[in-house]
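All values reported here derive from a predicted model rather than from experimental measurement. What's counted below: heavy atoms across the whole structure, side chains too, no hydrogens, waters or symmetry copies. We count ligands from 1, going down the list as the structure has it; atoms in each ligand are counted the same way.
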Amino acid sequence: MNERKVPFGLREGVLHYVSEVDTGLACNCTCPDPACAKPLIARNLPSPTRKRAPYFAHASQTPGCGGRESALHRMGKEIVECATQLRLPGWSALDGELSFSTVPATLAPGSAQEVVLREGQMRPDVKVIALTGQALLQALYVEIKVSHAVDWSKRERVMAQGLNMMEIDLADVSDEDLQDKATFAHHVLERADNRHWIHIASAPFLSRMLGHSVIRVVNQECREKRVPTQKGNQLVLREQAMWRHEPAEDDPKPFFGELASYMKGDQRVDCFGNHLPYRKGLYVVAYVPGRGSYYDDTRFKTQLRPIVQDVPWNAQKPLL
Ligand SMILES: [Zn+2]
């Protein structure tokens, strides 16, 4: 469908499929792009000569109209807002070491809300409460997208704000599939291959989905711990407060992780080269083959690996 054709027309604040309205200008619909909002003509009569999907056309020239994109975006949003089920994307991190597959989630009835944030902030499309098995997301932001472009600054803001966000990409829905409510809803709610996670910030959700414990670091404060050695000396260790989320437990357990501490330049690092103390974020405990002596840093201390989401769709740009 070219950009001049619009799949849904707006009438009295409601989007309509072209099959639902009268033909021509009698459809009484306008373009859903608020910057355009011009009258539309419903081209929905079957043609014996040309086989093409029906559509709305503008009654007059409309340079720069984003009607198609606005229509898809708005209809997609409305479908999520009314849905009781939504397929969540599959997810993987650490080059596939941690992963879960795409899975249907139940949306809490009435939980969906259109999100309006303060000016200058991100405006995710819809916020829902999603439950799959025992894994709950109290706030899942769902973005509807109509192009394949990756918005980097948005992704970085989502990560910085610690939001859970997935994106559904409707760029490749065919004209035919835009004619039918159930078919279009399938693209929005059920397809597995047109959605991905922008970010998951919830440690309990990840832990349950992965069946793996997840460590959450909330601040960089450390304290000293002095340990007497057999020779009568004192070892000075540093430990950092952390939370451990186990898949089968409702409440996270607080603990102090003893930090392995090597110097690299003037930086303290663990044996993977991560700067210490650990930054705020989600981690898994790393297995480090040890050399065996007691208080050997590599073996007996808490060594963490940051959970860095694999994002094949953004292979162009490495994320720190
Ligand atoms: Zn328009």
Side-chain angles (χ1 to χ4, degrees), residues 1-47 49-83 112-117 119-127 141-154 165-189 191 194-195 198:
M1 189 178 285
N2 73 42
E3 293 305 314
R4 292 177 176 279
K5 300 180 183 178
V6 179
F8 313 118
L10 195 57
R11 190 172 66 204
E12 287 161 8
V14 179
L15 283 179
H16 291 274
Y17 288 78
V18 71
S19 56
E20 296 173 341
V21 298
D22 290 341
T23 301
L25 268 175
C27 70
N28 249 330
C29 289
T30 56
C31 175
D33 178 356
C36 172
K38 294 219 174 103
L40 296 176
I41 300 172
R43 301 227 190 270
N44 56 4
L45 288 181
S47 156
T49 50
R50 277 191 291 175
K51 191 171 180 291
R52 66 175 179 195
Y55 61 96
F56 288 98
H58 288 82
S60 57
Q61 289 283 352
T62 49
C65 163
R68 174 182 158 78
E69 194 165 332
S70 294
L72 277 166
H73 187 257
R74 181 163 171 172
M75 190 64 108
K77 235 163 99 162
E78 288 184 11
I79 288 172
V80 174
E81 280 167 6
C82 301
Q113 38 182 281
E114 200 177 349
V115 183
V116 181
L117 297 175
E119 208 179 330
Q121 282 191 305
M122 226 170 1
R123 286 183 55 174
D125 289 327
V126 190
K127 179 182 157 190
Y141 293 89
V142 182
E143 282 278 289
I144 306 291
K145 229 171 133 188
V146 191
S147 74
H148 293 309
V150 173
D151 182 342
W152 285 104
S153 65
K154 180 164 76 185
M165 187 182 284
M166 61 176 272
E167 190 169 73
I168 302 167
D169 190 338
L170 301 175
D172 67 354
V173 179
S174 71
D175 293 359
E176 286 70 25
D177 286 0
L178 291 174
Q179 308 311 316
D180 179 65
K181 253 180 187 165
T183 311
F184 185 55
H186 169 80
H187 285 280
V188 177
L189 301 175
R191 252 177 79 182
N194 67 347
R195 60 204 60 218
I198 305 237

**Student:** To the nearest 0.5 Å, what is the distance between CD1 on Ile41 and CG on Leu25?
**Tutor:** 5.0 Å
**Student:** Near the Zn ion (ligand 1), which protein N/O/S atoms are found at less than 2.8 Å?
**Tutor:** Cys31 SG, Cys36 SG, His58 NE2, Cys65 SG
**Student:** Under the side-chain hydrogen bond (donor to acceptor under 3.5 Å, both in side chains) rule, what pairs show up with a residue in residues 10-19, not counting sequence neighbours?
**Tutor:** His16-Glu20
**Student:** Could you work out, with salt bridge (charged side-chain N to carboxylate O under 4.0 Å, His left out) as the rule, every residue matching Arg191, not counting sequence neighbours?
**Tutor:** Asp172, Asp193
**Student:** Among residues at least two apart in sequence or on other chains, which ones pass side-chain hydrogen bond (donor to acceptor under 3.5 Å, both in side chains) with Gln61?
**Tutor:**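 In terms of side-chain hydrogen bond (donor to acceptor under 3.5 Å, both in side chains), with neighbours along the sequence ignored, Gln61 is linked to Arg4.
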**Student:** Find the distance between CE (Met75) and CG (Leu178) and round it off to the nearest 0.5 Å.
**Tutor:**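 Rounded to the nearest 0.5 Å, the CE-CG separation comes to 9.0 Å.
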**Student:** Working to the nearest 0.5 Å, report the span between CZ of Arg74 and CD1 of Ile144.
**Tutor:** 13.5 Å
